[in-house]
Amino acid sequence: MKINENPENMFLYHYVEELISDYGSYYDVNLENPDLTIKEYSVLLRIRFTGRSTQHDLVELFKVSGAYMAKLLKKFEDEEYIIRIENPENRRKKIVELTEKGVEKTDQLIKVIDEWEKEVTSDLTEDEKIILKKLLSKIVWR
């Protein structure tokens, strides 16, 4: 059977895996100086778009260990992509924020993501893109 012969008979898993693989390849070829992994960039992007997050928030969001997140945030701090500031509501917790350098770093990835998304959705109408995003959000945030 050809892959697109009966798409309704394929598992969603197959499509997700194919998209991840395609994006990974695109990332490898099109991102200049990829000093961060895709996963590390994902965390940096979430920090950017969630605004003020704590380390605990990021652990919960990414479902990783506190030790992993602490090590990653230390790496981001050493690279001057983030700063940690005291939470005025709970002095024991630190709020993680992007620096200007972190914003510039994520801008590079956003450009690559935008180009990849335009490429993979080029056969879709604007309405189909909106429907696809709405359906995916229902699946992801169920």
Side-chain angles (χ1 to χ4, degrees), residues 1-87 89-90 92-142:
M1 172 171 86
K2 291 181 182 175
I3 294 295
N4 63 355
E5 192 173 292
N6 290 323
E8 65 279 359
N9 293 332
M10 300 297 291
F11 288 111
L12 286 175
Y13 170 83
H14 171 77
Y15 296 112
V16 171
E17 284 295 316
E18 288 296 319
L19 281 171
I20 290 169
S21 176
D22 185 73
Y23 173 71
S25 297
Y26 194 89
Y27 169 92
D28 289 340
V29 170
N30 292 283
L31 190 67
E32 294 177 26
N33 306 317
D35 58 336
L36 301 176
T37 66
I38 291 174
K39 182 72 167 179
E40 290 170 341
Y41 254 123
S42 296
V43 174
L44 206 56
L45 275 175
R46 283 296 175 112
I47 293 169
R48 177 173 178 168
F49 291 116
T50 57
R52 308 181 107 207
S53 299
T54 65
Q55 180 174 323
H56 178 75
D57 295 337
L58 296 168
V59 165
E60 293 293 313
L61 182 65
F62 285 95
K63 298 177 182 23
V64 296
S65 72
Y68 170 81
M69 189 56 67
K71 183 178 175 183
L72 182 56
L73 292 178
K74 176 71 172 119
K75 176 180 179 175
F76 290 165
E77 236 174 357
D78 290 347
E79 294 294 326
E80 300 178 347
Y81 297 146
I82 66 162
I83 57 169
R84 295 188 229 199
I85 57 173
E86 190 175 280
N87 183 343
E89 296 170 12
N90 183 342
R92 291 177 290 143
K93 291 186 177 185
K94 300 289 185 197
I95 296 171
V96 179
E97 290 185 351
L98 281 189
T99 62
E100 187 59 39
K101 187 175 178 182
V103 170
E104 290 170 9
K105 191 70 171 170
T106 55
D107 281 346
Q108 294 172 7
L109 184 61
I110 290 167
K111 182 179 178 219
V112 170
I113 291 170
D114 189 50
E115 290 167 356
W116 175 79
E117 192 172 299
K118 285 177 184 172
E119 186 176 304
V120 298
T121 62
S122 63
D123 291 338
L124 301 179
T125 66
E126 288 305 312
D127 286 343
E128 288 172 328
K129 291 176 195 177
I130 291 168
I131 291 168
L132 174 62
K133 288 180 180 183
K134 285 181 179 179
L135 292 172
L136 289 172
S137 73
K138 281 181 140 179
I139 292 169
V140 172
W141 292 294
R142 63 186 185 285

Gap separating the [atom1] atom of [X] from the [atom2] atom of [Y], nearest 0.5 angstrom:
X: Glu115; Y: Leu31; atom1: CD; atom2: CG; answer: 10.0 Å
X: Leu132; Y: Thr125; atom1: CG; atom2: OG1; answer: 10.5 Å
X: Ser65; Y: Leu72; atom1: OG; atom2: CG; answer: 10.5 Å
X: Met69; Y: Lys71; atom1: CE; atom2: NZ; answer: 13.0 Å
X: Glu89; Y: Asn87; atom1: CD; atom2: CG; answer: 5.5 Å
X: Ile113; Y: Asn30; atom1: CD1; atom2: CG; answer: 12.0 Å

Could you tell me which residues satisfy ring-ring contact (aromatic ring centres under 6.0 Å, His included) with Tyr68, sequence neighbours excluded, listed by chain and number?
-> none
Which pair of heavy atoms, one from [X] and one from [Y], lies closest together, and at what distance?
X: Leu73; Y: Ile82; value: O-CD1, 3.4 Å
X: Tyr27; Y: Thr37; value: OH-C, 3.6 Å
X: Leu124; Y: Lys129; value: O-CE, 3.6 Å
X: Ile83; Y: Ile85; value: CD1-CG2, 4.0 Å

Qualifying residues under side-chain hydrogen bond (donor to acceptor under 3.5 Å, both in side chains), relative to Glu86, sequence neighbours excluded |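 Partners of Glu86 under the side-chain hydrogen bond (donor to acceptor under 3.5 Å, both in side chains) test: Arg91.
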Atom CZ of Phe11: over 12 foreign heavy atoms under 6.0 Å =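 Check fails, neighbour count at 12 or below.
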Greater than 12 external heavy atoms within 6.0 Å of Ile139's CD1 |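 Yes.
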May I ask you to say whether Lys75 pairs ionically with Glu40, meaning some side-chain N is under 4.0 Å from a carboxylate O?
-> yes
Minimum side-chain heavy-atom gap Phe76-Val43 below 4.5 Å = yes
Can you check whether Lys105 reaches Asp35 side chain to side chain, under 4.5 Å on heavy atoms?
-> yes
Go through Asp123 and Glu128 one step at a time and tell me if the side-chain contact (heavy atoms from CB on, under 4.5 Å) criterion holds.
-> CA-CA 9 Å; Asp123 291 338; Glu128 288 172 328; over 6 Å; no
Salt bridge (charged side-chain N to carboxylate O under 4.0 Å, His left out) with Lys118: which residues, sequence neighbours excluded?
-> Asp114
Report all side-chain donor-acceptor pairs from residues 54-62 shorter than 3.5 Å, counting only partners two or more places apart or in another chain.
from, atom 1, to, atom 2, distance (Å)
Thr54, OG1, His56, N, 3.4
Thr54, OG1, Asp57, N, 3.0
Thr54, OG1, Asp57, OD1, 3.3
Thr54, OG1, Asp57, OD2, 3.1
Gln55, OE1, Arg84, NH1, 3.4
Gln55, NE2, Gly66, O, 3.3
Asp57, OD2, Thr54, N, 3.0

Pair up each side-chain donor or acceptor in residues 16-26 with any protein partner under 3.5 Å, not counting sequence neighbours, and list the distances.
from, atom 1, to, atom 2, distance (Å)
Asp22, OD2, Trp116, NE1, 2.6
Ser25, OG, Ser21, O, 3.2

Go through the steps to decide whether Asp107 and Arg48 satisfy the test salt bridge (Lys or Arg N to Asp or Glu O under 4.0 Å), and finish with yes or no.
-> CA-CA 10 Å; Asp107 281 346; Arg48 177 173 178 168; 2.6 Å; yes
Verify side-chain contact (heavy atoms from CB on, under 4.5 Å) between Gln108 and Glu104, making sure each step is shown before the conclusion.
-> CA-CA 7 Å; Gln108 294 172 7; Glu104 290 170 9; 5.7 Å; no
Got a sec, which pairs hit salt bridge (Lys or Arg N to Asp or Glu O under 4.0 Å) with one end in residues 131-142, sequence neighbours left out?
->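 Matches after skipping sequence neighbours: Glu117-Lys133.
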Would Phe49 and Thr106 satisfy side-chain contact (heavy atoms from CB on, under 4.5 Å), going step by step from the backbone distance to the final call?
-> CA-CA 10 Å; Phe49 291 116; Thr106 55; over 6 Å; no
